[in-house]
Each structure stands twice: as C-alpha cells, then as structure tokens.
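Throughout, a chain's letter reflects where its sequence line sits, starting with A, and its residues are numbered from 1. Every value quoted in this text rests on a predicted model; they were computed, and no experiment measured them.
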Amino acid sequence: MRFTQLLIPTSKEAPSDAVLASHIYLMRAGYIQSVGSGLYNFLPLGKRVLDNVRRVAKEELDRAGCQEVDLSFVTPVSLWKESGRFEKYGKELLRFKDRKNNDFVLGPTHEEMMVNMVSQTVRSYKQLPINLYQIKTKFRDEIRPRFGLMRGREFLMKDGYSFASSEDGMKADFDLMEKTYSRIFKRLGLNYRIVEADSGAIGGSASKEFMVIADSGEDTIVICDNCEYAANIEAAKRAMVACDADEPEISISSKFQTIDIKSIDDLSAFFHVDPYYLIKTVAKKALYDGGESKIVLFALRGSDELEETKACNSIDANELVDINEEELRIAGLVAGYMGPSNLSEEIIVVYDEGLRDGRSLICGANEENYHFVGYDLRGVEVTYKDLVAVQSGDGCPKCNGKLKHTKGIEVGHIFQLGTKYSSALKAEFLDENGKSKPFMMGTYGIGISRLLAAIIEQNHDDRGCIWTKESSPFAVHIIISNIKKEEELEAGEELYSDLRSRGIEVLLDDRKERFGFKIKDFELIGVPLAVVVGKNLTDGKMEIITRDGLDKVEIKSSDVLDEILRRLS
RNA sequence: CGGAGUGUAGCGCAGUCUGGUAGCGCACCUGGUUUGGGACCAGGGGGUCGAAGGUUCGAGUCCUUUCACUCCGACCA
C-alpha cells in the first residue's frame, strides 16, 4: 500500500488520558481512534493487525478441527434467564428492548446461544464430539473501561465451545484447546504463561488462563521459581505455612481489655504475639440472586490477607461488597473488635484453612475495647475454606520452591464446564444406550482485540510499536527519503513492485515529506523491517533497518530484494 | 458504587477567580525556500465555548439543572 493512499493519522501528541504504552502508540500511530468510553474505531492499520491476529487464531483452530460459525449478536433475554446468568452477570449485560417491547441483551459471550443452537441440531452421540467457535464483537458494559484496547466495552473475541459425550471427551477437547492456544500465542510472538485460574461468572470446574507477561498487566499471577506451577492469584494455592514464632502461653480463655487497639499491628505489639496467632476478621456483604444479601465474616490468620475472589466463591455469592458503618452497627459488629464467635445467627462465618484446629488465638470479642484471648478451634464445628491471598515468598504447593508475584494480561481462558449450561438449558443427546444425557462442554476464549494491546505492551520502545512477524500490518516498510529525487523515487517504486509481485505486504512511504518525519513515522508504526532509499543510492546502496533494536545495514541496491526475501523467510 | 476533576478548533491547552469583539501550540490549505532525524518564511480556513434554562444592557466567564468524559478507590477492620 502507498502511504499517500492510506488513512494513517499519525501524531506527535498522545491523548492525555492514555497511560499504557499500547494505548499511546496505537493511538499515535493511527491504528485506533477513541469514540467513547471503552469504544474504539479501528483504522486501516488497526484493522490489518486485527485481521492478522484473527487469521492466526482461525488457522490454528481449523487445524485442530474446530468449525467457525457466527451467531446473532443480539440475544433474547429468555435464554439468559434460563441459564441463570441474567442476574449473575449483572450490570455488565447491556439490556434493551425492541419495538415490540421484548427484552434483549448484547452478547458478552455466547454459551447460551451456542448451547441453544447445538441442542436444536445435534441429537446423537454419533455427532459428537464437536467444537464450534466464532470470532465476533462482544459487548460488556464494564464498570470502568480503561487502558485503551486492554479493557474496552466493545471488543473482538474468539469464543469457542466444545460438546462431548463424556467427561473424558471433554477433557480431551480441553487438552487439545490448551495445545492449540499455545500454538496461537507462540505464532504471535508472545511471551506467555499458562496459569491455573478462577472460573468467574462463566462457572465450571477446571480452568486455565493464558497470561502475557507484562508489568502493566491487570492480573496478578503467582509463579514458582522452581517448577512449572503458575496460577492467577484468585486461584493460587500455597504450601501450609508454619510459624517460627512461639505460640503464646495462655492459661485461661478470657476477655481482655484492649482500649484503642484495633489493627493487627497494634494487637501484635500489645500482646507481644506474632500476627500468626491473631485472627483477622473481614466483614463483607454477600449479594445473591433476587437482591438477597447476607453479612459474612471471613476469619483468617493475622499474617494473611484475604483473597476476595476466593472468599466470594467460598459462599457461592454473586458478589462481595463492603459493609457500611450503619450495617455493621445493625449486625452488632464493632470495627476493630470483630471476631468469629458470639455472633447473631444470621451472620455467616467462614474460616480459612490455615486456621484449622488453631489454638491459643486472639480475636475480637465483638465488643468495643475488648479482645478475646485463648480462642481454640479444636473440636469446634466450623466451615473451613481456602481464603488467603498467596504472598510473595510463600511455599509452592507442588514442590519446595518459592512463589513470587508477577503481572500478566489475560489473553486466553479455557474452561471445563461439564453440564452446567447443557443441564440448565436442557441440551441433551442420546447416548449408545438410547438414554438422554446433557452435553459435556468446554468453553474457550481469546481476546483478539486485546491481543493488539498485549503485543505492544510486550513489544515496544520509547519510539513506538514493534510488531511481531505474524501480527505486523506490513512485512516491509519502504521509505523514499526524498521523492523529488527521480532516482530515489524510481528505485523505491521498483523495489515496491518487486516485493509486491512476490506476494509480500509492503508499505511504501511516498509522501512529500522530509526524511526525519518519515523515519519517525516508521518507528511509531513499528513494521519490523524497513528499507530506506535515500542519499547512499548514489553509491549504489540502500539501508535496511530492523525495527527491534534499530540496527541499520547498508546493502548494495541490487542485493536488497534477495536480502529482504531471506529475512522474511 | 464512593471520592476528585475536566468539557473552549481535528489533537493538546490558556482564558473563567475579577462579565465587555474567541486565543496559543500542533495539525490542515495556498505560495515559495528547504530535503538523512518530526524544517523555515509569508498568507489563509476552521468555534452553537458539552447541553438546557436563568441573572444581566451584555455570559466562555455568575447561578440552577442536566449530559458526557477522565482519574483515584473499592483497602483495613
């Protein structure tokens, strides 16, 4: 393509709200344009990259035997009510009515639609397994869209769904998708890691996320420095923690006056006891379907932190929200002096596994200025769940390595769903014995538009984008230094048509601009390879620039074509 | 949802306190000079000052309402 014919509005200035490199450069280099909160237009360059990422995904999925379909974007609300997700998904669902006053949502994901489609067309186990996918715009009304393409409201996603007749079949599908996804992200040139994950609003049993490692990532992931263990903090486990500090010597269990001693630190200092022996009690309001809510106390060791997603899952709630002072008071709770015992019946208490059979503990007495000393959990019937946020330095649950935190961008997520949706939506097939059974499903997503951001987060410098080979909008960027010089123009044009005739995607900068202007645009746009046709043409040479590292070499003009072909192969 | 802030040319901003002809930089158009690191000179186009209502002789500026966008937070107990 010729620069003079392409819409590439590059600019020196970035929008003031852009903080991430990917956001800044994709805007500045004219890939995308903002149209509203979390909404973007893809300009020609952006569309080319999007198509490339989509193509890589499609090729690998088709290779793995998946079939592409395209389901209606507007989906009837009835399906969402049937699956129970209408409430669970909450405000992220964009709802609206048509002229006949029927309710619809814009699809944020398509489990319901796909199950519905398959249940109408697949009747027999002989038709299984089957794996269907689509690459389609999705809409989620995010609480707070930000970071450009990273967290938009409208975005392009590949969503796939597998249907099997047995659990083994489902697991085989899942494993195949894990391999396929690995191939896709590898081809896109990404440094990624597969981590164990929470299933979130999708539901289901096992799930894994594909995380692109980047400091700007929104997710915290926990990785082992010794083995392959890696998990999202929302699902990360750790080896049991022992405490080096001595257990406090407590002769009798009793209330103890602790005026103005409210925090774990204060308590620890006041009693000269390691926080390990203190109970931290976190109060939350849990929201359920139908507007129901319950007060829940999560008890964990003072040395640990609560992981909210785990906490939410532990009580099967839709969401956890903070409790305001009024609600605390009504529940008979005192901030700073909360404890898991002596509570009204309506309050649910969940203990962290780390407290199992704990003794000689200190906790709030649920009374202003008093703590309870010598709390003993041995032989007491309580609910234990894994609630803690794994911290850097904790032991790996798989080996004796140490865990550490790092940041990642979630670009893929694969789930084993089992029969969650097929049961709810009564999607069944007849097995070998003529018996009706719900499909064993898996669901698999890739954030196609988010990948553009992820690729740039991982591949950029202070001058602009550096695309990877398969994602780049063009393979080669030819810069004609001064189009007024006939020989430069001719040589540039000739190289351009030679490359094009070999099927190579070339961007030719034929604008009537100065050299500096053009080279800055090349650096901003980030095509991996550039050829400068300029002043050293008089010595019969051209310059090849590698965008990553900006290495330059002069090559005899007659050898340039071969050199480029060699590098691209 | 809670808190803070911003809406003025395509983009980035000043002007608002103290009411009196709508400004700057970049970008854009014309002509000329320049041509290897975002050039220079001259000329030019472009605005319901987010919207609605009010106060006033007069409102970008003051008052009321509203909409949109952005940022921070959603922790501890």
*For A:E142 and B:rC71, give me the distance from atom CD to atom P, rounded to whole Å.*
13 Å
_Given RNA chain B, 5'-ward residue of the pair A:L328 and A:T10, judged by closest heavy atom_ = A:T10
*What do you reckon, do A:F515 and the base of B:rG36 stack, with centroid distance below 5.5 Å and planes below 30°?*
yes
*Give one of base, sugar-phosphate or nothing for A:L333, where a contact means two heavy atoms less than 4.0 Å apart.*
nothing
*Which heavy atom of A:W467 sits nearest a heavy atom of A:P528, and at what distance?*
O-CG, 3.6 Å
*Under 3.5 Å, is there an N or O donor on one side and an acceptor on the other linking the side chain of A:R146 and the base of B:rU70?*
no
*Report the distance from atom NZ of A:K512 to atom C1' of B:rG36, rounded to the nearest whole Å.*
18 Å
*Within the structure shown, what part of the strands sits under 4.0 Å from A:L550 by heavy-atom distance: base, sugar-phosphate, or nothing?*
nothing
_On a heavy-atom basis, which atom in A:R2 and which in A:Y496 lie closest, and how many Å separate them?_
N-OH, 3.7 Å
*Among B:rG37, B:rG36, B:rU34, which is the nearest nucleotide to the side chain of A:R514?*
B:rU34
_When both hydrogen-bonding distances must be under 3.5 Å and the geometry is Watson-Crick or G-U wobble, what is B:rG60 paired with, if anything?_
none
*Watson-Crick or G-U wobble mate for B:rA74, both contacts under 3.5 Å*: none
_Proximity of A:Y31 and A:Y25 rings by center, below 6.0 Å_ = no
*Evaluate the ring planes of A:Y40 and A:H23, with Trp represented by its six-membered ring, and classify them as parallel (under 30°), tilted (30 to 60°) or perpendicular (over 60°).*
perpendicular
_Counting distance alone, no hydrogens or angles: does the base of B:rG38 have a donor or acceptor under 3.5 Å from a partner atom on the side chain of A:R511?_
no
*asked:* Regarding A:E488, tell me which of base, sugar-phosphate or nothing describes its non-hydrogen contacts under 4.0 Å with the strands shown.
replied: nothing
*Is A:V321 touching bases, backbone alone, or none of the nucleic acid, heavy atoms closer than 4.0 Å?*
nothing
*Go ahead and name the base partner of B:rA39; Watson-Crick or wobble counts if both distances stay under 3.5 Å, otherwise write none.*
B:rU33
*Could you measure between the two C1' atoms, the one in B:rG19 and the one in B:rC62, and give it in whole Å?*
8 Å
*asked:* So, under a plain 3.5 Å distance rule, would you say the side chain of A:K485 forms a donor-acceptor pair with the base of B:rG36?
replied: no
*Below 3.5 Å, does any donor atom in the side chain of A:E543 face an acceptor in the base of B:rG36, or the other way round?*
yes
_Return the pairing partner of B:rG23 with a 3.5 Å limit on both distances, Watson-Crick or G-U wobble; otherwise return none._
B:rC13
*Of all the nucleotides listed (B:rC69, B:rG38, B:rC76), which has the minimum atom distance to the side chain of A:E305?*
B:rC76
*P-based separation of B:rU35 from B:rG15 [nearest Å]*: 41 Å
*Does A:Y288 have A:K294 sitting over its ring (NZ/CZ under 6.0 Å from centre, angle to axis within 45°)?*
yes
*May I ask you to say what A:E523 touches in the nucleic acid, namely base, sugar-phosphate or nothing, with a heavy-atom cut-off under 4.0 Å?*
base
*When the C1' atoms of B:rA14 and B:rU6 are considered, how many whole Å apart are they?*
14 Å
*Atom pair distance, as rounded to whole Å: CG in A:L43 and P in B:rC11*: 14 Å
*Are OP1 or OP2 of B:rG10 and a side-chain N or O of A:S11 less than 4.0 angstrom apart?*
no
_What contact category does A:K484 fall into here, base, sugar-phosphate, or nothing, at under 4.0 angstrom with non-hydrogen atoms?_
base
*Pairwise C1' distance, B:rC49 and B:rG7 [rounded to whole Å]*: 9 Å
*Within this structure, what is the CZ-to-C1' distance between A:R463 and B:rG37, rounded to whole angstrom?*
8 Å
*Ignoring the backbone of A:K12, work out which of B:rG38, B:rC76, B:rG36 is nearest its side chain.*
B:rG38
*Hey, which sits more toward the 5' end of RNA chain B by its nearest nucleotide, A:G534 or A:I264?*
A:G534
*asked:* On the side chain of A:N482, is there an atom forming a donor-acceptor pair with the base of B:rG36 - under 3.5 Å, no angle test?
replied: no
*Under 4.5 Å between any side-chain heavy atoms of A:D386 and A:K237, yes or no?*
yes
*Which part of the nucleic acid does A:K284 contact within heavy-atom distance under 4.0 Å: base, sugar-phosphate only, or nothing?*
sugar-phosphate
_Opposite nucleotide pairing with B:rA68, Watson-Crick or G-U, both atom distances under 3.5 Å_ = B:rU6
_Lys/Arg-Asp/Glu bridge criterion (N-O < 4.0 Å) met for A:E142, A:R151_ = yes
_Closest approach to the side chain of A:E308, judged atom by atom: which nucleotide of B:rA74, B:rG37, B:rG36 is it?_
B:rA74
*What nucleotide among B:rC69, B:rC11, B:rG37 has an atom nearest to a side-chain atom of A:R153?*
B:rC69
*Tell me what A:S481 touches on the nucleic acid: a base, only sugar-phosphate, or nothing, going by heavy atoms under 4.0 Å.*
base
*Closest to the A:K280 side chain: B:rG36, B:rC76, B:rC69?*
B:rC76
